[in-house]
Amino acid sequence: TKPGMVPPPPGEESQIILLPPGWQSYLSPQGRRYYVNTTTNETTWERPSSSSGIPASPGPHRSSLPPTVNGYHAAGTPAHPPETAHMSVRKSTGDSQNLGSSSPGKKQNKENTITINCVTFPHPDTMPEQQLLKPTEWSYCDYFWADKKDPQGNGTMAGFELLLQKQLKGKQMQKEMSEFIRERIKIEEEYAKNLAKLSQNSLAAQEEGSLGEAWAQVKKSLADEAEVHLKFSAKLHSEVEKPLMNFRENFKKDMKKCEHHITDLRKQLASRHAAVEKARKALTERQRDLEIKTQQLEIKLSNKTEEDIKKARRKSTQAGDDLMRCVDLYNQAQSKWFEEMVTTTLELERLEAERVEMIRQHLCQYTQLRHETDMFNQSTVEPVDQLLRKVDPAKDRELWVREHKTGNIRPVDMEI
């Protein structure tokens, strides 16, 4: 559930259909419609042009958000003009100042909304289901508005903090993958070293003939294979391990800035909410004081003059104005937090997709290098196969006999 969001009023569905490709329309916590470009994450109060895909000509209250930096706006959003939701609060506050009356506007507001950790949400029993920003996707910007109970304690964790934890976990997984590839490289280097050493071994070096040639080629193939594995380990380092390790080196620092930004907005929202509650309490006290003085005057229990009543009424009116001002400031703070949350969660979503794609591509590079290594290894044994097919024991015997023969006269029987 998003804070203060409501579905489009009747008759506006057709306007959503007419938006240019890539634009979505929804309402701010004050009920004011604004537009989001789901490709660039740009937000604007002005309706985008259907022809160019950009906002229509600037109006008097246009408030486009600046580009994002590290997942949040580089500059603040201009203060919003008075909106419909603010006017309804003023009306309720004004009604509550009538002498001897309860506060129907305030009661109605309490029934339609619910405040959780200083964030105002529509009451689930009185408000219809809200329209999702990305109804066809499980998008971050639609499902992380409320707080969640911490499974490791009795406290709560903000939805945005969950998203940040996922980002930092992804960074950690990326680092561990890089370390895994590094261990793989060490195995390859050690294997190549052992192969090269074994190729220099003198065992069976005196084998002769065509078999001796084949055996010498077997030993040479080990040296060739060692070279192949050394090249494989070098490519693993430069094309897989190093990119995984260095991707977004300052990511943690950027996420920390992003977290501080959203946290500051939540603190400001909590401060505004506390001011509203304080102003509401002050208004209640002023109304009660005015009501008591009016009743005392009516039953002649006090010598208070009508001037005292007017003074109490002025204080009550001032308290009502203070409450309206505090509510306006609260709504502006919540709207600012809401807009930053939409933009930042969309940016975190993009960063996560980018991280996954980066890792996928480098793991594909790993498998490609493996295939190439296997192919090169196969090429090192092909000469061995050729020589083994040429091994001829009869020919070897002939050559050996020719070289080492001692004579071809056979012995005969002795004569008497």
Side-chain angles (χ1 to χ4, degrees), residues 21-24 36-43 65-74 132-134 136-144 157-189 228-263 340-376:
W23 287 89
Q24 292 283 352
V36 176
N37 187 312
T38 57
T39 302
T40 64
N41 292 339
E42 176 191 2
T43 60
L65 299 180
T68 60
V69 177
N70 295 331
Y72 56 89
H73 296 317
L132 298 177
L133 176 60
K134 292 188 174 183
T136 59
E137 305 175 27
W138 288 89
S139 176
Y140 291 167
C141 64
D142 283 319
Y143 296 99
F144 291 91
M157 179 182 299
F160 185 75
E161 187 176 348
L162 281 174
L163 292 178
L164 284 180
Q165 285 188 355
K166 177 172 176 56
Q167 294 288 322
L168 295 176
K169 180 181 178 181
K171 176 63 175 177
Q172 179 63 26
M173 295 302 98
Q174 171 190 323
K175 178 183 177 183
E176 292 181 10
M177 289 180 187
S178 177
E179 293 172 352
F180 180 90
I181 298 297
R182 181 58 197 158
E183 292 301 314
R184 181 73 173 88
I185 292 173
K186 290 180 180 179
I187 292 174
E188 287 295 320
E189 292 173 341
V228 169
H229 284 277
L230 279 177
K231 290 181 178 179
F232 176 49
S233 65
K235 287 186 176 181
L236 279 182
H237 172 69
S238 63
E239 300 180 20
V240 181
E241 180 208 2
K242 191 173 180 180
L244 284 175
M245 179 62 72
N246 295 339
F247 183 68
R248 294 179 185 161
E249 290 182 291
N250 298 322
F251 186 72
K252 288 187 177 181
K253 183 185 294 185
D254 294 341
M255 287 299 99
K256 209 66 178 176
K257 291 180 181 178
C258 183
E259 180 184 15
H260 288 164
H261 179 67
I262 297 297
T263 300
E340 294 288 341
M341 277 284 292
V342 170
T343 303
T344 307
T345 53
L346 288 174
E347 177 67 8
L348 293 181
E349 190 175 295
R350 184 192 67 79
L351 290 174
E352 174 64 9
E354 184 179 71
R355 181 191 73 89
V356 171
E357 177 59 20
M358 181 277 300
I359 293 177
R360 187 194 70 82
Q361 289 180 1
H362 286 90
L363 292 182
C364 286
Q365 180 64 13
Y366 167 79
T367 59
Q368 178 64 27
L369 291 174
R370 274 294 313 276
H371 290 315
E372 292 177 0
T373 301
D374 293 342
M375 181 180 66
F376 291 144

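Values below: every heavy atom of this structure, side chains too, minus hydrogens, waters and symmetry copies. The model shown is predicted, which means the values in this text are computed figures rather than measured ones.
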Would you please test Y366 and M177 for side-chain contact (heavy atoms from CB on, under 4.5 Å) and show each step?
-> CA-CA 12 Å; Y366 167 79; M177 289 180 187; over 6 Å; no
Of all heavy-atom pairs linking Q167 and L348, the shortest is NE2-O, 2.9 Å
Distance-only donor-acceptor check, side chains Q365 and Q361, under 3.5 Å = no
Residues, nucleotides or ligands: over 12 heavy atoms within 6.0 Å of K231 NZ | no
Under a 4.5 Å cut-off applied to non-hydrogen side-chain atoms, are E179 and E183 in contact?
-> no
How far apart are the closest heavy atoms of C141 and V342, and which atoms are they?
-> CB-O, 4.4 Å
Roughly how far apart are K256 NZ and T263 OG1, rounded to 0.5 Å?
-> 9.0 Å
Tell me, with the steps shown, if E340 and F160 meet side-chain contact (heavy atoms from CB on, under 4.5 Å).
-> CA-CA 11 Å; E340 294 288 341; F160 185 75; over 6 Å; no
Side-chain donor or acceptor of R248 paired with backbone N/O of D254 under 3.5 Å = no
With no hydrogens and no angle check, is any side-chain donor or acceptor of T344 less than 3.5 Å from a backbone partner on M341?
-> no
May I ask you to decide if K171's main-chain N or O and K252's side chain share a donor-acceptor pair within less than 3.5 Å?
-> no
From E161 atom CD to L168 atom CG, the distance as rounded to the nearest 0.5 Å | 10.0 Å
How far does CG of D374 sit from CG of L369, to the nearest 0.5 angstrom?
-> 11.0 Å
Presence of salt bridge, K186 and E189, under 4.0 angstrom | no
Ignoring hydrogens and angles, tell me if any N or O in the side chain of T367 forms a donor-acceptor pair with the backbone of C364 under 3.5 Å.
-> yes
Apply the test side-chain contact (heavy atoms from CB on, under 4.5 Å) to residues Y140 and E352: give CA-CA distance (whole Å), side-chain angles for both, the deciding distance (0.1 Å), then the verdict.
-> CA-CA 11 Å; Y140 291 167; E352 174 64 9; 3.7 Å; yes
Check whether any side-chain N or O of H237 sits under 3.5 Å from a backbone N or O of S233 as a donor-acceptor pair, and report yes or no.
-> no
Should E347 and R350 be marked as a salt bridge (Lys or Arg N to Asp or Glu O under 4.0 Å) after you check the CA-CA gap, both sets of side-chain angles, and the distance that decides it?
-> CA-CA 5 Å; E347 177 67 8; R350 184 192 67 79; 2.7 Å; yes
Working to the nearest 0.5 Å, report the span between CG of N246 and CD of E241.
-> 9.0 Å
Smallest separation among heavy atoms of S238 and P243, with atom names = O-CD, 3.5 Å
Between S139 and L346, does a side-chain contact (heavy atoms from CB on, under 4.5 Å) hold up when you go through it step by step?
-> CA-CA 8 Å; S139 176; L346 288 174; 4.0 Å; yes
What distance separates M245 CE from K242 NZ, expressed to the nearest 0.5 Å?
-> 11.5 Å
Output the distance between atom OH (Y143) and atom CG (L163), rounded to the nearest 0.5 Å.
-> 13.5 Å
